[in-house]
J.: 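Pasting a structure below so you can have a look.
Just so we're clear, the structure is a prediction, and the values are computed from it rather than from any experiment. Both counts, for ligands and for their atoms, begin at 1 and track the order of listing.
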Amino acid sequence: MLSVDNLCKTLPAPNGMRTMKEPGLPTRQLLAGVNFSIAPGELVALVGESGSGKTTLLNLIAGLERPDSGSIRLDDIEITGLDDDAAAILRRHRFGFVFQAFHILPHLTVSQNVALPLWLIRHGEADSAKRIRESLASVGLADRADSWPRELSGGELQRIAVARAMIHRPRLLLADEPTGNLDSDNADRILALLATSVRSVGAMGLLVTHSRSAAALADRALMLGRDGTLAPFPTR
Ligand SMILES: Nc1ncnc2c1ncn2[C@@H]1O[C@H](COP(=O)(O)OP(=O)(O)OP(=O)(O)O)[C@@H](O)[C@H]1O
Ligand SMILES: [Mg+2]
């Protein structure tokens, strides 16, 4: 279970305003008491205007940034209470990430890219080989294991990124605009893959998207508003 309770994050005002050097610097409350939870097997979509704080919220959940106040619990771990090293270890073991820019490493083969999370947690070699095969098969790219990223299309690269995000069986998948660089056919395929990957292993997923149809594919959708709080987002 992921539980986010009363999460608050204030940003310093843009540089122009900061140079005024007035007492009580102007700030912007990006997150003003954000509350939600995600249950095992559930995929939740997060929508909101550009600059509303969606990526910031993901960074806070991943322990990459610190909130002003509030709590983020993944199963029984209070993420806001971890130091940087502990947060990094937690990310390696329990989190999977998919980004808009695929972040596939060009000098590693397809299977080496997919294997990265297993290397990072020093997962046993024999089982790794089996998992890499299964995971490439699950995204329909079993025959591309030894290809180089430059030989793959954008849609294929993002399928590799999905395989890589799930190979170490994370508890929580964070996907930030994973279909932003894809045409609609490839986008649909990636979203379906994400949804199946999360649900089939009882993981949890949080998917940032600008698209209503993408949000409709999730179990439910939330909108981060200008006021810094979340509200249900109707998708149909
Ligand atoms: N480290 C930082 N310091 C100051 N301002 C920041 C910082 N990180 C983000 N911001 C600002 O916080 C706001 C929210 O940024 P964020 O990236 O979370 O938005 P977003 O909802 O993901 O937008 P998009 O849909 O464009 O990706 C923006 O106005 C951004 O400029
Ligand atoms: Mg963003």
Side-chain angles (χ1 to χ4, degrees), residues 2 4-36 38 43-72 74 79-80 82-84 87-88 91 95-104 154 157-158 161-162 165 172-184 186-187 190-191 194 198 204-218 220-235:
L2 175 77
V4 173
D5 289 295
N6 216 6
L7 198 66
C8 295
K9 177 80 178 172
T10 304
L11 287 179
N15 284 326
M17 296 180 78
R18 225 177 299 168
T19 56
M20 295 190 315
K21 289 207 172 84
E22 286 181 5
L25 290 173
T27 55
R28 177 176 161 218
Q29 187 146 30
L30 203 56
L31 306 178
V34 160
N35 293 292
F36 72 104
I38 306 181
L43 177 66
V44 173
L46 176 63
V47 303
E49 283 176 16
S50 179
S52 59
K54 304 179 298 296
T55 297
T56 304
L57 178 56
L58 260 49
N59 287 342
L60 289 166
I61 293 171
L64 291 163
E65 283 187 57
R66 294 193 177 277
D68 302 337
S69 61
S71 143
I72 303 167
L74 179 62
I79 292 172
T80 59
L82 301 176
D83 63 27
D84 289 352
R91 272 194 299 281
F95 284 76
F97 296 90
V98 184
F99 304 96
Q100 177 170 352
F102 318 126
H103 295 308
I104 295 297
L157 289 174
Q158 195 63 313
V162 171
L172 179 62
L173 176 75
L174 296 177
D176 199 347
E177 284 281 342
T179 61
N181 283 341
L182 301 175
D183 62 60
S184 66
N186 272 307
I190 290 296
L191 292 168
L194 280 176
V198 164
M204 295 165 271
L206 184 56
L207 162 71
V208 171
T209 175
H210 280 115
S211 137
R212 189 176 285 260
S213 63
L217 214 125
R220 65 201 160 83
L222 298 168
M223 166 131 115
L224 181 56
R226 279 170 185 280
D227 65 349
T229 66
L230 287 178
F233 179 72
T235 52

J.: List the atom of V34, the atom of T229, and the distance in Å for their closest heavy-atom pair.
T.: CG2-CA, 4.4 Å
J.: Any heavy atom of G53 sitting closer than 4.0 Å to ligand 1?
T.: yes
J.: Between P178 and V98, what is the shortest heavy-atom contact and its length?
T.: CB-CG1, 3.8 Å
J.: Measure the distances from the heavy atoms of R28 to every atom of ligand 1 and state whether one is below 4.0 angstrom.
T.: yes
J.: Any N or O on L30 sitting closer than 3.5 Å to an N or O of ligand 1?
T.: no
J.: So is there a nitrogen or oxygen of L11 less than 3.5 Å from a nitrogen or oxygen in ligand 1?
T.: no
J.: Identify the heavy atoms of C8 and A32 that sit nearest to each other, and give their distance.
T.: SG-C, 4.1 Å
J.: Tell me the contacting part of H210 for ligand 1: side chain, backbone, both, or neither, using a 4.0 Å heavy-atom threshold, strictly below.
T.: side chain
J.: Given V47, L46, T56, identify the one with the heavy atom nearest to atom 9 (C) of ligand 1.
T.: T56
J.: What residues, two or more places apart in sequence or in another chain, satisfy side-chain hydrogen bond (donor to acceptor under 3.5 Å, both in side chains) together with N35?
T.: none
J.: Does the salt bridge (Lys or Arg N to Asp or Glu O under 4.0 Å) test come out yes or no for R91 and D84, once each step is laid out?
T.: CA-CA 10 Å; R91 272 194 299 281; D84 289 352; over 6 Å; no
J.: How far apart are the closest heavy atoms of L58 and L174, and which atoms are they?
T.: O-CD1, 3.8 Å
J.: When you measure from atom 17 (O) of ligand 1 to each heavy atom in T55, L57, L31, T209, which option holds the nearest one?
T.: T55
J.: For I72, run the side chain to side chain contact (heavy atoms under 4.5 Å, CB included) check against L7, L82, L57 and tell me which one passes.
T.: L7
J.: I need the protein N, O or S atoms closer than 2.8 Å to the Mg ion (ligand 2), given as residue plus atom name.
T.: T55 OG1
J.: For T235 versus A221, what's the shortest heavy-atom pair and its separation?
T.: CG2-CB, 3.8 Å
J.: Any idea which heavy atoms bring A165 and F97 closest together, and the distance?
T.: CB-O, 3.4 Å
J.: Please work out whether the ring planes of H103 and F99 are parallel, tilted or perpendicular, with thresholds of 30° and 60°.
T.: perpendicular
J.: I need the atoms of ligand 1 closer than 4.0 Å to a non-hydrogen atom of E49, numbered in the order shown.
T.: 21 (O)
